[in-house]
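First comes the structure, then the notes that go with it.
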Amino acid sequence: MHAARNISLCTKDCLCLFVCPTGATDTETGQIDFDRCLDGCRLCVDACPSHALYLVMDNYPEPKRKSAQIAKALQVLMESKSAQETVASSLALEAGTDARKLLAKAFAYSNRILSEDCGREAGFMLPQSAVVRDFLVGLLDQPFDEAFPADAVRELLELI
Amino acid sequence: MSDAVDMAPAALSAVCSNLSKACAKQLRKREADLFKSLSDYFNSKVIRVADADLNQLEEIAKQELAKNYPSLMVIAEEAVDRGTQRALTWGKKVTSIHTSLLARYQKQKDALLENNNLYVCEACGFIAVAAAVPDLCPICKAPAARFTKIS
Ligand code: SF4
Ligand code: SF4
């Protein structure tokens, strides 16, 4: 567990600089130096008057499994959102007017967000979960073409 | 094995773009970039629709509102799955706003956007047609900073 700073909330009052025992709060990037942050210390989080500091976990509990029936139905809805995204992004490429193009882009963008939300509720919420690991392992078995970034999948399985 | 791997490329891309965002929120930049590269790969595999038109969007959205949302809501309520109920509540509203936006566009055509911009809420997908960015998302209450202007 380490501290992190939301730069857009930080008012530069510098109380975190006073309390940090390792100097991890004082960096040229504005972000906490994660390597120097002491696991579970949280002194700066409690000291910050702007609620700009928070804790990021290294390990998360395994999420509660979704019912298979709900996960399946959400995947169906997700595919439907993605189908709309595809129609809209195709439309954006060939739209005759700027307004039409913008509208198509907005529909593509919105449907991507809706699709992602269905995906989260279908179980793809936490990258470190067993559902995501199964998914990544499954991707490696699929017959994708040679452009498929299999190395990225293997590295992810190492990292998460 | 996960049956999700059989989904269409656009859906696989969305699974990966969502996981990329989830890694970015944990400030795991490398993992976020890797999921992003997967998402980009699947995006490049999406087969464009040759004769795409706005009616197709309306048709699919209406189908979802008549079938997918009501039936999913029943099983989500039975299972007391609050997270899914939340996604369905927002998603249904956003989708019905899609259909009314399409209807408005059919009537007003490009004049709809004459003095307006399009903003999309990053949290729920709500599309705002407005001259300036909304203060608050009317669907999910996300603040103005979570809206993306379409350009
Ligand atoms: S205490 Fe909070 S507001 Fe002050 S410098 Fe640190 S992060 Fe910024
Ligand atoms: S949690 Fe403790 S060690 Fe880590 S940055 Fe904050 S004050 Fe420093």
Side-chain angles (χ1 to χ4, degrees), chain A residues 4 56 66-67 69-70 73-80 82-91 93-94 97 99-100 102-103 105-107 109-122 124-127 131-132 134-135 137-139 141-142 147-149 152-153 155-156 159-160, chain B residues 1-2 4-5 7-8 10-11 14-15 17-19 21-23 26-28 30-31 34-35 37-38 41 44 46 48-50 52-54 56-57 60-61 63-64 68 71-72 75-76 79 81 83-84 87 90-91 94-95 98 105 110 112-113 118 120-122 124-127 148 150-151:
Chain A
V56 180
K66 286 279 168 169
S67 97
Q69 187 195 16
I70 292 178
L74 281 166
Q75 274 180 34
V76 170
L77 184 56
M78 187 174 185
E79 294 255 34
S80 177
S82 293
Q84 290 169 86
E85 182 192 348
T86 302
V87 169
S89 57
S90 307
L91 205 58
L93 290 177
E94 63 203 39
T97 64
R100 215 176 155 80
L102 278 183
L103 191 70
K105 272 192 186 175
F107 271 86
Y109 202 88
S110 169
N111 275 297
R112 168 57 64 113
I113 291 165
L114 288 163
S115 178
E116 289 178 344
D117 199 15
C118 293
R120 275 197 291 277
E121 291 302 332
F124 299 99
M125 175 102 63
L126 177 71
V131 172
V132 172
D134 282 358
F135 171 72
V137 169
L139 286 182
D141 284 339
Q142 292 294 101
F148 178 67
V153 177
E155 191 179 340
L156 278 168
L159 290 173
I160 63 173
Chain B
M1 198 186 75
S2 168
V5 294
M7 292 195 295
V15 169
S17 60
N18 171 54
L19 291 169
K21 289 178 190 173
C23 290
Q26 295 181 40
L27 305 167
R28 290 174 172 253
R30 179 70 190 155
E31 291 89 329
L34 292 167
F35 274 119
S37 71
L38 280 172
Y41 168 78
S44 76
V46 172
R48 301 287 155 211
V49 181
D53 71 63
L54 293 172
Q56 286 166 293
L57 292 179
I60 305 175
Q63 169 90 2
E64 288 176 356
N68 303 64
S71 63
L72 243 164
I75 54 174
D81 182 339
T84 298
W90 291 359
V94 170
T95 305
H98 280 183
Y105 183 76
D110 288 1
L112 177 67
L113 296 182
L118 292 168
V120 178
C121 173
E122 292 283 342
C124 69
F126 166 68
I127 304 176
T148 296
I150 302 297
S151 58

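In what follows, chains are A, B, ... by sequence order, proteins preceding strands, each numbered from 1.
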Top of [options] for chain A proximity - count of heavy-atom pairs under 4.5 angstrom:
| options | answer |
| --- | --- |
| B:Ala8, B:Ser71, B:Ser17 | B:Ser17 |
| B:Gln26, B:Glu31, B:Lys21 | B:Gln26 |
| B:Asn68, B:Leu118, B:Leu112, B:Ile75 | B:Ile75 |
| B:Leu57, B:Val94, B:Thr95 | B:Leu57 |
| B:Leu113, B:Leu19, B:Asp53 | B:Leu19 |
| B:Gly125, B:Ala14, B:Ala87 | B:Ala14 |

- Query: Checking A:Val56 against chain B: side chain, backbone, both or neither under 4.5 Å from a heavy atom?
  - Reply: side chain
- What part of A:Leu103 is in contact with chain B, defined as an atom under 4.5 angstrom from a non-hydrogen atom: side chain, backbone, both or neither? both
- Taking side-chain hydrogen bond (donor to acceptor under 3.5 Å, both in side chains) as the test, write out the residues that go with A:Ser80, two or more places apart. B:Glu64
- B:Thr84: partners by side-chain hydrogen bond (donor to acceptor under 3.5 Å, both in side chains), with sequence neighbours left out: A:Lys66, B:Asp81
- Query: Do A:Phe107 and B:His98 come close enough that some side-chain heavy atom pair is under 4.5 Å?
  - Reply: yes
- Message: So B:Leu54 and A:Arg100, do their side chains get closer than 4.5 Å, heavy atoms only?
- Response: yes
[options]: which one forms the most heavy-atom pairs within less than 4.5 Å of chain B?
| options | value |
| --- | --- |
| A:Ser67, A:Ala147, A:Ser115 | A:Ala147 |
| A:Ala83, A:Cys118, A:Pro149 | A:Pro149 |
| A:Leu114, A:Leu156, A:Ile160, A:Val87 | A:Leu156 |
| A:Thr86, A:Asn111, A:Leu77, A:Val76 | A:Leu77 |
| A:Gln75, A:Arg112, A:Arg120 | A:Arg112 |

- Query: Checking salt bridge (charged side-chain N to carboxylate O under 4.0 Å, His left out) for the pair B:Arg30/A:Glu155: CA distance, chi angles, key distance, verdict?
  - Reply: CA-CA 10 Å; B:Arg30 179 70 190 155; A:Glu155 191 179 340; 2.7 Å; yes
Least distance between heavy atoms, [X] atom then [Y] atom:
| X | Y | result |
| --- | --- | --- |
| B:Ala50 | A:Glu94 | O-OE2, 3.4 Å |
| A:Ser82 | B:Ala11 | OG-CA, 3.2 Å |
| A:Ser90 | B:Arg48 | OG-CA, 3.5 Å |
| A:Gly119 | A:Met78 | CA-SD, 3.6 Å |
| B:Leu27 | A:Ala4 | CD1-CB, 3.1 Å |
| A:Ile70 | B:Ala79 | CD1-CB, 3.7 Å |

Atom group of [X] that falls short of 4.5 Å from chain A, counting heavy atoms:
| X | answer |
| --- | --- |
| B:Gln56 | side chain |
| B:Phe35 | both |
| B:Ala61 | both |
| B:Ser151 | backbone |
| B:Leu72 | side chain |
| B:Glu122 | both |
| B:Val46 | side chain |

- Message: I'd like to know if the side chain of B:Asn18 and the backbone of A:Phe124 have a donor-acceptor N/O pair within less than 3.5 Å.
- Response: yes
